[in-house]
Amino acid sequence: MSDFNLALWQKICAERVRVSDFTSWLMLLLILTSSSISMSDEREMTLTIEEMKISVAPDLDYKVFAFNGQVPGPLIRVKEDDDVIVHVVNNTSMSHTVHWHGVLQTDSWRSDGVPGVTQKPIKPGEKYTYRFKADRIGSLWYHCHVAVNEHVGIRGMWGPLIVDPKEPLPIEKRVTKDAIMMLSTWESENADKFGQGATPYDIEDYFSVNGRSFPSTQPLRIETGDVVRIRFYGAGGAIHTMHSHGHDMLVTHKDGLPLPQPYHVDTVLIGPGERYDVIIEANQKEGRFIFHDHVDKHVTARGKHPGGPITVMEYANTPMDDWYVWKNIDYNPDFFFTESMTKGYGLFESTKFKGEPLTRKRRRRHYEE
Amino acid sequence: MSDFNLALWQKICAERVRVSDFTSWLMLLLILTSSSISMSDEREMTLTIEEMKISVAPDLDYKVFAFNGQVPGPLIRVKEDDDVIVHVVNNTSMSHTVHWHGVLQTDSWRSDGVPGVTQKPIKPGEKYTYRFKADRIGSLWYHCHVAVNEHVGIRGMWGPLIVDPKEPLPIEKRVTKDAIMMLSTWESENADKFGQGATPYDIEDYFSVNGRSFPSTQPLRIETGDVVRIRFYGAGGAIHTMHSHGHDMLVTHKDGLPLPQPYHVDTVLIGPGERYDVIIEANQKEGRFIFHDHVDKHVTARGKHPGGPITVMEYANTPMDDWYVWKNIDYNPDFFFTESMTKGYGLFESTKFKGEPLTRKRRRRHYEE
Amino acid sequence: MSDFNLALWQKICAERVRVSDFTSWLMLLLILTSSSISMSDEREMTLTIEEMKISVAPDLDYKVFAFNGQVPGPLIRVKEDDDVIVHVVNNTSMSHTVHWHGVLQTDSWRSDGVPGVTQKPIKPGEKYTYRFKADRIGSLWYHCHVAVNEHVGIRGMWGPLIVDPKEPLPIEKRVTKDAIMMLSTWESENADKFGQGATPYDIEDYFSVNGRSFPSTQPLRIETGDVVRIRFYGAGGAIHTMHSHGHDMLVTHKDGLPLPQPYHVDTVLIGPGERYDVIIEANQKEGRFIFHDHVDKHVTARGKHPGGPITVMEYANTPMDDWYVWKNIDYNPDFFFTESMTKGYGLFESTKFKGEPLTRKRRRRHYEE
């Protein structure tokens with residue numbers, strides 16, 4: 001009986017409005033039974049690391065080490081207590097590891113992914129398997145832990161790892177639309193130079209959400225009544241202050257963990273490594289509301305305004321204007337992982353985040369000669 | 001009866017110590033009546049944008065786009081639910097818009113002030129009228145949304161917009177003295193060049209509160225027993241950490257909204273776009289307590305210490321010393337908008353924030369030739 | 001009876017498991033008696049300021065102004081309400097003062113240590129005595145207030161001042177191990193130049209915890225079951241985001257003051273001047289968990305990875321690996337002031353933080369010639 005899920009039971013009782021006694025006894029039976037069955041699943045997946053070129057902005061192509069060929073890396077989503085097995089294959093010319101930022105690695109510290117501390121680096125051509133329990137809920141992420149200033153800072157080696165809690169908060173159950181925003185920076189000077197840059201002597205001159213700088217970013221399309229959950233990630237090396245026009249944000253989670261006292265803001269500061277989950281109630285009737293980094297220099301690109309981590313919350317029924325900057329945009333509904341987040345558990349690639357292969361292309365060229 | 005202000009009534013009941021039953025019934029009647037009368041007023045005002053030169057520091061004159069000729073812009077103060085109408089007149093040589101940071105723009109998204117998203121930019125010589133309800137309480141602000149890196153970052157296009165709540169918190173009612181501190185940075189290299197600077201390649205080398213760098217800042221004169229409310233604004237592009245000597249600060253509001261759990265600090269970090277309201281209880285008998293940005297490089301000016309966002313809380317009855325840096329200061333009691341904040345609702349200019357006109361002067365020179 | 005410590009009494013009652021009635025009455029008597037006796041002690045100590053050279057990293061020697069010859073300065077630890085007397089002796093070639101960051105200086109504002117505001121600077125060769133009551137609890141610190149950009153920013157003029165509260169929180173009583181982490185930055189270009197550097201034109205290229213950059217930092221050795229209290233200090237001019245692998249941190253105090261609502265994180269952002277106290281429950285069975293600044297560029301040194309504020313939480317019973325970076329480290333158990341924090345009240349120097357004297361050496365050389 002120690003496993004009996006009393007909280008869930010009480011919640012069911014409290015939420016039940018008109019259920020017969022018979023039904024409630026049936027539910028109790030169900031809970032008692034299920035509590036003795038393991039709820040955790042095994043999730044096995046493969047992450048490869050590829051040398052690619054992505055387009056950060058119309059005038060900026062960038063060499064990256066891309067998980068499964070994409071930046072950000074694919075969404076990995078599991079349930080609390082799932083057993084996770086990830087095979088990492090290093091197809092690049094440099095060493096890497098993968099750290100699962102936020103996972104506690106209970107009894108599995110050798111899967112923490114830190115070179116020289118928990119393992120030797122995964123050399124070019126090598127494989128390594130990480131095994132851990134999803135012992136920590138929330139907005140986690142994975143990223144390289146070798147030469148982090150470069151690999152994480154400016155080579156796109158990061159992706160979201162979402163661990164759904166067994167017992168979501170009431171506010172989480174109300175969410176109708178998910179969005180993930182990973183914030184980072186780029187150095188145009190070092191776009192083409194694997195193994196260089198990302199030191200205090202280098203200048204960050206492009207800024208991005210999910211690896212793209214405006215106008216290569218995308219709108220966030222919503223409908224009146226939507227409850228939008230946004231997960232901000234400080235994926236790079238700078239602070240960002242994201243400001244939502246027309247809507248306050250309820251900050252509900254810090255680093256994936258529920259805050260004892262959620263609070264409202266219109267601007268949230270995200271430092272490197274940090275995550276903040278916020279809820280936006282889409283309670284306007286119509287409109288276009290810009291949503292952007294408020295660090296002034298972050299809305300430039302190569303020294304020119306506008307650029308950077310900018311999106312627009314577009315209400316469905318808003319009249320179009322000739323002068324709207326994104327009037328004719330080629331819309332990508334998964335830019336904020338919104339579609340991926342509807343697909344359940346596993347690893348989900350996102351085609352439009354994929355880069356152009358460097359290695360293979362070079363090889364292909366070689367064969368053609 | 002749905003409009004009946006139960007909370008207010010309960011508060012009155014709770015606070016009432018010795019009031020006759022007759023009086024309380026009279027108050028109830030009053031509340032019932034008032035709840036059916038509109039409490040909102042219409043506030044109509046004009047903001048012009050002028051090309052001016054302000055003195056940021058004794059050795060730094062700076063070309064700015066100044067709202068009503070001043071930096072910071074004039075205080076705009078209204079009540080919750082007021083109808084606000086602002087006529088903006090662009091008397092400068094570049095395009096601008098005005099964003100009302102924090103206003104939700106319920107049913108008025110076209111007044112949000114974002115070029116290419118909610119409106120076309122206001123060109124030189126043009127006018128534009130913003131109409132919105134003060135649908136959001138607290139320490140808001142207004143700023144340009146065109147080329148923000150330059151116009152907001154280093155050209156002074158920002159001012160405070162205070163929306164008084166209908167139901168202030170008990171701590172707000174105790175306030176005896178208001179102070180507004182808008183923090184930003186400057187680039188001496190670009191002081192004279194409209195349309196340039198404020199990119200990641202430019203260096204910020206002056207730092208300021210309300211547009212002035214020490215010693216051009218001012219003391220904050222207080223008396224024992226004062227309850228001082230300070231509203232910090234991250235008006236520019238840098239973080240600032242304001243440290244109050246001799247006094248802890250109770251952080252009560254974030255971005256104008258009451259925190260569910262206020263907390264005490266002696267140093268508060270303010271990021272770009274953020275606002276923090278704090279309460280300082282002036283419970284010393286006498287003394288001079290410096291109050292400054294703790295980012296070390298921010299207390300320099302053109303590379304020399306001291307400078308930057310520095311003030312001194314001066315208790316009224318403090319003995320003077322020959323060596324006190326501000327012994328003979330020409331005191332400006334409105335430097336922190338303290339006087340403006342006693343004037344009720346409307347738009348309040350502050351003479352000493354005014355710059356020297358550029359355009360008119362140039363024209364005048366032209367005529368004289 | 002107004003002094004009767006009811007809260008303490010109730011706590012004793014609540015915590016008492018099996019104590020006879022006689023004992024409890026005896027304790028009550030003791031409390032009643034003690035409450036009329038002063039619990040505050042006088043703590044008198046001397047801080048000298050010396051010109052020294054410290055080793056920040058294997059390839060970086062740095063000229064500093066060192067309190068009692070060490071960086072960080074010695075631990076000063078007192079009890080709430082103690083009377084503190086500190087004689088400061090300036091043995092350097094430049095002027096200084098000492099500010100006691102967090103002390104409220106109730107009725108002692110002339111001991112606040114701000115040149116030109118509360119005192120004249122302490123010139124080379126001069127002495128100055130600060131007298132104040134420890135009127136504010138928690139993680140405080142002391143630092144110079146002359147030319148702070150240089151002296152605090154890059155010359156190591158800071159040390160911890162811990163004021164133990166009379167009534168510690170329950171969580172504080174569970175602590176088994178203390179650690180103090182003071183974060184700051186260095187400019188290699190200005191390592192050798194007293195009186196220069198630390199302006200917005202200078203580049204910070206070394207980053208440190210307690211004045212040392214990895215690999216010159218040290219592990220944090222712990223045992224399963226330890227309750228580790230870490231006090232983070234933003235001692236320099238940069239933000240730092242400290243990330244604890246394998247463990248969440250409970251943030252309990254901000255600037256030394258208990259938060260009304262502690263919250264869990266895995267990454268904490270610390271700005272200049274700020275302090276955050278966190279609790280880590282050492283609930284792993286074994287392992288090595290890196291603990292580092294997540295600002296990517298901060299884990300470089302002179303532009304090369306790895307470096308900076310990096311430690312490893314080493315569980316006692318963890319198998320060693322040949323490739324572990326700190327396999328053969330010369331362990332210093334007081335690097336995080338852990339030993340000093342077991343020594344009660346007073347001033348505690350830490351031998352391994354001491355630098356090599358500059359002045360005396362120069363003099364000695366002079367004599368030898």
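Just so it is clear, the values below take in all heavy atoms, side chains as well, and ignore hydrogens, waters and symmetry mates. Below, chains carry the letters A, B, ... as their sequence lines are ordered, and counting in each starts from 1.
Between His243(A) and His99(B), the two ring planes are tilted [angle within 30° to 60°].
For Leu269(B), the part lying near chain A is the side chain, with the backbone staying farther off; criterion is any non-hydrogen pair under 4.5 Å. Looking at Pro262(A), the atoms closer than 4.5 Å to chain B (heavy atoms on both sides) all sit in the backbone: N, CA, C or O. With a threshold of 4.5 angstrom between heavy atoms, Asp321(A) approaches chain B through side-chain atoms but not through N, CA, C or O. Contact annotation for Thr318(A): only side-chain heavy atoms (C-beta onward) come within less than 4.5 Å of a heavy atom of chain B. Contact annotation for Phe207(A): only side-chain heavy atoms (C-beta onward) come within less than 4.5 Å of a heavy atom of chain B.
Using a 4.5 Å cut-off on side-chain heavy atoms (C-beta onward), Arg302(A) and Tyr201(B) make contact. Using a 4.5 Å heavy-atom cutoff, the side chains of Val114(B) and Val312(A) are not in contact. In this structure the side chain of Pro200(B) never reaches within 4.5 angstrom of the side chain of Glu187(A), judged on heavy atoms.
Options Lys304(A), Glu286(A), His245(A) differ in how many heavy-atom pairs under 4.5 Å they form with chain B, and the most are formed by His245(A). No other option in Asp135(B), Val103(B), Val152(B), Val146(B) has as many heavy-atom pairs under 4.5 Å with chain A as Val152(B). Of all the listed residues (Ala238(B), Pro115(B), Ala147(B)), the one sharing the greatest number of non-hydrogen pairs under 4.5 Å with chain A is Ala147(B). When the candidates Asp248(A), Ile290(A), Val299(A), Val295(A) are compared by the number of heavy-atom contacts under 4.5 Å with chain B, Asp248(A) comes out ahead. Taking chain A as the reference chain and counting heavy-atom pairs below 4.5 Å, the highest number among His253(B), Gln105(B), Lys120(B) is found for Lys120(B).
For His305(A) and His151(B), the side-chain atoms include no donor-acceptor pair closer than 3.5 Å. Looking at Thr267(A) and His101(B), their side chains do bring a donor and an acceptor atom within 3.5 Å of each other.
Lys297(A) places no side-chain N or O within donor-acceptor distance of the main-chain N or O of Gly153(B), the cut-off being under 3.5 Å. Of the possible donor and acceptor atoms, one in the side chain of Gln284(A) sits under 3.5 Å from a partner among the backbone N and O of Leu104(B). Checked by atom type and distance alone, the side chain of Thr241(A) pairs as donor or acceptor with a backbone atom of Pro272(B) at under 3.5 Å.
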Q | side chain to side chain contact (heavy atoms under 4.5 Å, CB included) between Asp255(B) and His264(A), worked out | A | CA-CA 8 Å; Asp255(B) 297 345; His264(A) 282 95; over 6 Å; no
Q.
Using side chain to side chain contact (heavy atoms under 4.5 Å, CB included), reason through Val251(A) and Lys254(B) one step at a time and then give a plain yes or no.
A. CA-CA 11 Å; Val251(A) 184; Lys254(B) 163 78 171 96; over 6 Å; no
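How far OG1 of Thr106(B) is from CG of Asn283(A): 7.0 Å, rounded to the nearest 0.5 Å. Atom CG of Asp202(B) is separated from atom OG1 of Thr300(A) by 9.5 Å, given to the nearest 0.5 angstrom.
For an aromatic pair to be called close, the ring centres must be under 6.0 Å apart, and Trp158(B) with His294(A) fails this.
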For residues 322-329 of chain A, dump all side-chain donor-acceptor pairs below 3.5 Å to protein atoms at least two apart in sequence or in another chain.
unit_1, atom_1, unit_2, atom_2, d
Tyr324(A), OH, Glu314(A), OE2, 2.6

